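Counting from 1, the numbers follow the sequence of the chain as shown. No hydrogens, no waters, no symmetry mates; every other heavy atom, side chains included, goes into these values. Bear in mind the structure is a predicted one, so any value in this text is a computation, not a measurement.
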Amino acid sequence: QVELVESGGGLVQPGDSLRLSCAASGRTFSGYSMGWFRQAPGMGRTFVAAVTWRSGGATYYADSVKGRFTISKDNAKNTVYLQMDSLRSEDTAVYYCAAKATMGGPFEYWGQGTQVTVSS
């Protein structure tokens, strides 16, 4: 029903920046929020950031990325972005885009992920 496709990952040095994109498709797509999660090798999937889909949507960030990452969206393009600045080696992970329909509900839709590697 809904497909999420991430792009923009890559290999960068510590202190560099990357911008991830997630495009949503599907004729019935509607949502309360879209967000980003990440999973490092050998570790669980953790929350990174989210934004509500309404105009002037609120944003939420994990403590580990506050002040460094910025989530934004383009409703007309059904796309959410994650601007990642001052990247650290511990940011290395597969980053997954997700979407959900309600405030209290789970993230129902997931992308396949894009690899971000931060290494010196």
Side-chain angles (χ1 to χ4, degrees):
Q1 183 181 25
V2 175
E3 183 180 22
L4 304 177
V5 180
E6 303 98 334
S7 63
L11 172 63
V12 297
Q13 297 270 116
D16 285 353
S17 297
L18 280 175
R19 189 185 74 160
L20 306 183
S21 299
C22 174
S25 62
R27 74 178 193 276
T28 61
F29 176 79
S30 63
Y32 174 80
S33 180
M34 294 184 68
W36 294 92
F37 294 73
R38 65 187 182 185
Q39 186 168 16
M43 301 183 69
R45 188 175 298 183
T46 60
F47 172 78
V48 175
V51 60
T52 54
W53 202 239
R54 64 171 175 81
S55 180
T59 57
Y60 307 86
Y61 297 95
D63 288 343
S64 59
V65 305
K66 286 180 180 176
R68 300 189 298 119
F69 290 11
T70 304
I71 189 169
S72 61
K73 61 186 175 68
D74 186 334
N75 292 68
K77 295 181 178 179
N78 292 323
T79 299
V80 66
Y81 306 94
L82 185 68
Q83 177 67 43
M84 304 185 294
D85 298 322
S86 301
L87 282 162
R88 306 165 180 168
S89 60
E90 54 262 42
D91 296 317
T92 296
V94 177
Y95 284 70
Y96 296 91
C97 178
K100 65 178 181 176
T102 63
M103 177 180 178
F107 284 89
E108 301 104 331
Y109 306 103
W110 295 85
Q112 294 300 305
T114 185
Q115 177 71 47
V116 173
T117 303
V118 186
S119 178
S120 60

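Judged by distance alone, the side chain of Glu6 and the main-chain N or O of Gln112 form a donor-acceptor pair under 3.5 Å. The backbone N or O of Gln83 lies less than 3.5 Å from no partner atom in the side chain of Thr70, so there is not a single donor-acceptor pair.
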Only pairs under 3.5 Å count here: list side-chain donor-acceptor contacts from residues 15-22, not counting sequence neighbours, and write none if there are none.
from	atom 1	to	atom 2	distance (Å)
Asp16	OD2	Gln13	N	3.1
Ser17	OG	Asp85	OD1	2.8

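Applying the side chain to side chain donor-acceptor pair (under 3.5 Å) rule to pairs touching residues 33-43 yields Arg38-Ser64, Arg38-Asp91, Arg38-Tyr95, sequence neighbours excluded. For residues 36-81, the set of pairs meeting the disulfide bond (SG atoms under 2.5 Å apart) definition, not counting sequence neighbours, is empty.
Taking Thr59 as the reference, Val51, Tyr61, Ile71 meet the side-chain contact (heavy atoms from CB on, under 4.5 Å) condition, with sequence neighbours excluded. Not counting sequence neighbours, Arg54 has no partner by the salt bridge (Lys or Arg N to Asp or Glu O under 4.0 Å) test. For the side-chain contact (heavy atoms from CB on, under 4.5 Å) test, residues two or more places apart in sequence or in another chain that qualify with Ala23 are Thr79. Applying the side-chain hydrogen bond (donor to acceptor under 3.5 Å, both in side chains) test to Gln115 and every residue at least two apart in sequence or in another chain returns Thr117.
Atoms CE and OH, on Met103 and Tyr32 in that order, are 4.5 Å from each other to the nearest 0.5 Å. Rounding to the nearest 0.5 angstrom, the gap separating the CE atom in Met34 from the CG atom in Leu82 is 11.5 Å.
Linking ILVMFWY residues whenever their side-chain heavy atoms come closer than 4.5 Å, directly or via other members, places Trp53 and Leu4 in the same cluster. At a threshold of 4.5 Å between side-chain heavy atoms, the hydrophobic network of Ile, Leu, Val, Met, Phe, Trp and Tyr places Met84 and Tyr81 in two separate groups.
Taking Ile, Leu, Val, Met, Phe, Trp and Tyr as members and joining any whose side-chain heavy atoms lie under 4.5 Å apart, directly or through other members, the hydrophobic cluster of Phe107 also contains Phe37, Phe47, Tyr60, Val94, Tyr96, Trp110.
A 4.5 Å side-chain heavy-atom check between Cys97 and Val80 finds at least one atom pair inside the cut-off.
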